[in-house]
Enquirer: 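Please see the structure below; I have some questions.
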Amino acid sequence: MKILSIETSCDDTGVTIMEASGGRTNATFKILAHALLSQIKLHIPFGGVYPALAKREHEKNLPILLEQVLKEAHLDKTVRQDLTVMKKPPVDLIAVTYGPGLEMCLWEGIVFAKKLAEKWNVPLIPVDHMEGHIFSVFGKKNKKNRGSFTVKKVKTPALSLLVSGGHTQLVLMNKWMEYKIIGETLDDAVGEAFDKVGRMLGLPYPGGPEISKLAETERTKEKQALEKSIPARSLSVPAGTALALDPSTYETPRSDYFSFALPRPMLHTKNFNFSYSGLKTAVLYMLQKLGPIETIPEDTKNKIALEFENAAIECLVYKTTKAVEKYNIKTLLVGGGVSCNTHLQRELTGVIGKKVKILFPQRELSGDNALMIGIAGYLQYMKNKRKVPNPETIKADGNLKLS
Ligand code: KG4
Ligand code: ZN
């Protein structure tokens, strides 16, 4: 069947069409068309997502992207952006994100999807954006936005680490498509902390990829400096594996070495929760002590970026490792914008990669997109034996939680 999926939860407008077949434990997808419009450039002057602007952009872009994907998928060559004159294309199911996210943005996607579903008389399935991120690890697309892939039930118990600008969660899946949030951030999300620290360091929005780039370069420099000054065997923790399960040995060698040490909030609490607001504030105080931002040498800023990334990622990897041990996890699925962070991928693979099968999304599918919404929509549709709710009952839920 052909599934049209729509994503508008934050600042990316996404519309994808896929041909899907199979059941909820073994489904095959073929991408027929995939469009994603990032609004990042428009939000840069605001230093973050400006919701009213994001909403307006979704409203403007949805009909344009719809026309584009229908043409690309060769479903209708004569489509017009005006829905009132658009003919029904051979689409069998529509999936739309209904939460979590910015409610005014979610509504744009929902209202648009409802109109199409009514006009074309096709079922409409509401999708949890976070379930989309979980399934994003299976997506495969090439540069021309084409590709085929399968989504197969993974070995359970499975765990999902969801890390984005709005979320930091550990989700337990004792069974395929059954979710229980076992830990989450008590304040800021990890991506949000990356973005805020990026802004403090004078980096463009979004700060995540910028900090990561600086940190990677600085890490290499530091490793070389350490190797020169200290014989490799005398390092207490080998470079690249800054993590150990015993908290007393759980220290990066670099922190003391460069005296820009930052805290690892909640690292040793006996739960799977996170906290990133204190870490962000610690960076702020550190920068304030060093004087006006323009006077801080680039080299110092790079070292702070590195220490911040080390601290932020250490908390994620440590808690994930603990959860993997406690629940005897067989598969780890990492999703969300931060999942493409090189240090996170390297540390997770280094620490638990031998014990657990770890799945990361393709870099281009780690952020928000409609492809992942199509996968989640189709699998939910199959799970619910092709039953969908009455479209009138579908509402945006900014604080939706996986359950
Ligand atoms: O999933 P996503 O595209 O949107 C949300 O649902 O939030 O995630 C965006 C977040 C931003 O905070 C961005 O800074 C962060 O993902 N991000 C990164 C990296 N690439 C994107 N954070 C750290 N390292 C990266 N390489
Ligand atoms: Zn997201």
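Note that ligands are numbered from 1 as they come in the structure, with each ligand's atoms numbered from 1 the same way. Quick note: numbers below take in every heavy atom, side chains included, and nothing from hydrogens, waters or symmetry partners.
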Enquirer: Could you tell me whether Phe149 and Phe138 have their ring centroids closer than 6.0 angstrom?
Expert: no
Enquirer: Could you check if a side-chain atom of Leu348 sits within less than 4.5 angstrom of a side-chain atom of Leu332, using non-hydrogen atoms only?
Expert: yes
Enquirer: Any non-hydrogen atom of His129 lying under 4.0 Å from ligand 1?
Expert: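 It does, in that a heavy atom of His129 comes within the 4.0 Å cut-off of ligand 1.
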Enquirer: Which residue and atom name correspond to the protein heavy atom nearest atom 17 (N) of ligand 1, and how close is it?
Expert: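 Here the closest protein heavy atom is Gly337 O, 3.6 Å.
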Enquirer: Would you check whether Gly166 reaches within less than 4.0 Å of ligand 1, judged by its heavy atoms?
Expert: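 In this structure, Gly166 qualifies as a contact of ligand 1 - some heavy atom is under 4.0 Å.
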Enquirer: Among all protein heavy atoms in this structure, tell me which lies nearest to atom 24 (N) of ligand 1, with the distance rounded to 0.1 Å.
Expert: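 Here the nearest protein heavy atom works out to Asn341 ND2, 3.0 Å.
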Enquirer: What do you reckon, does His133 put a non-hydrogen atom under 4.0 Å from ligand 1?
Expert: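 His133: in contact with ligand 1 (<4.0 Å).
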Enquirer: Which of the numbered atoms in ligand 1 are below 4.0 angstrom from a heavy atom of Pro206?
Expert: 14 (O)
Enquirer: Between the Zn ion (ligand 2) and His167, is there an N, O or S atom separated by less than 2.8 Å?
Expert: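 No N, O or S atom of His167 is closer than 2.8 Å to the Zn ion (ligand 2), so no.
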Enquirer: Is the Phe194 to Phe308 ring centre distance short of 6.0 Å?
Expert: yes
Enquirer: Considering heavy atoms of the protein only, find what lies nearest to atom 11 (C) of ligand 1 and give residue, atom and distance to 0.1 Å.
Expert: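 The closest heavy atom on the protein side is Asp195 OD2, 3.5 Å.
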Enquirer: With a 4.0 Å cut-off, would you call Lys401 and Glu184 a salt bridge?
Expert: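 Result for this pair is yes, salt bridge flagged.
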Enquirer: Tell me, with the steps shown, if Arg219 and Glu309 meet salt bridge (Lys or Arg N to Asp or Glu O under 4.0 Å).
Expert: CA-CA 10 Å; Arg219 191 173 284 114; Glu309 185 180 71; 2.7 Å; yes
Enquirer: Looking at the Zn ion (ligand 2), is there an N, O or S atom belonging to Cys10 that lies under 2.8 Å away from it?
Expert: no
Enquirer: Identify the closest protein heavy atom to atom 15 (C) of ligand 1: which residue and atom is it, and at what distance?
Expert: Val338 CG2, 3.9 Å
Enquirer: What I want to check is whether the side chains of Ser403 and Lys180 have a donor and an acceptor closer together than 3.5 Å.
Expert: no
Enquirer: Taking only Lys NZ, Arg NE, NH1 and NH2, and the carboxylate oxygens of Asp or Glu, determine whether Lys196 and Glu192 approach each other closer than 4.0 Å.
Expert: yes
Enquirer: Is it the case that more than 12 heavy atoms not belonging to Lys383 sit under 6.0 Å from its NZ atom?
Expert: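 Enclosed: over 12 neighbouring heavy atoms sit under 6.0 Å from NZ of Lys383.
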Enquirer: Between Lys303 and Glu307, does at least one N-O distance fall below 4.0 Å, as a salt bridge requires?
Expert: no
Enquirer: Any idea which protein heavy atom is nearest atom 22 (N) of ligand 1, and the distance to it?
Expert: Gly208 CA, 3.4 Å
Enquirer: Considering only the protein, which heavy-atom contact is closest to atom 9 (C) of ligand 1, and what is its distance?
Expert: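 For atom 9 (C) of ligand 1, the nearest protein heavy atom is Gly165 N, 3.8 Å.
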Enquirer: Heavy-atom contacts with Gly367 under 4.0 Å: which atoms of ligand 1 show up? List them by number with element.
Expert: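 Within the 4.0 Å cut-off of Gly367, ligand 1 contributes 3 (O).
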Enquirer: Under 4.0 Å from a heavy atom of Cys340: which atoms of ligand 1 are those, numbered in the order shown and with their elements?
Expert: 20 (N), 26 (N)
Enquirer: Return the name of the atom in Asp368, of element N, O or S, nearest to the Zn ion (ligand 2).
Expert: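 This residue's closest N, O or S atom turns out to be OD1.
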Enquirer: If the cut-off is 4.0 Å to any non-hydrogen atom of Gly191, which atoms of ligand 1 fall inside it?
Expert: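 The list of qualifying atoms is 12 (O).
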Enquirer: Do Glu298 and Lys301 sit within salt-bridge range, that is, some charged N less than 4.0 Å from a carboxylate O?
Expert: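 Looking at Glu298 and Lys301, the cut-off is met.
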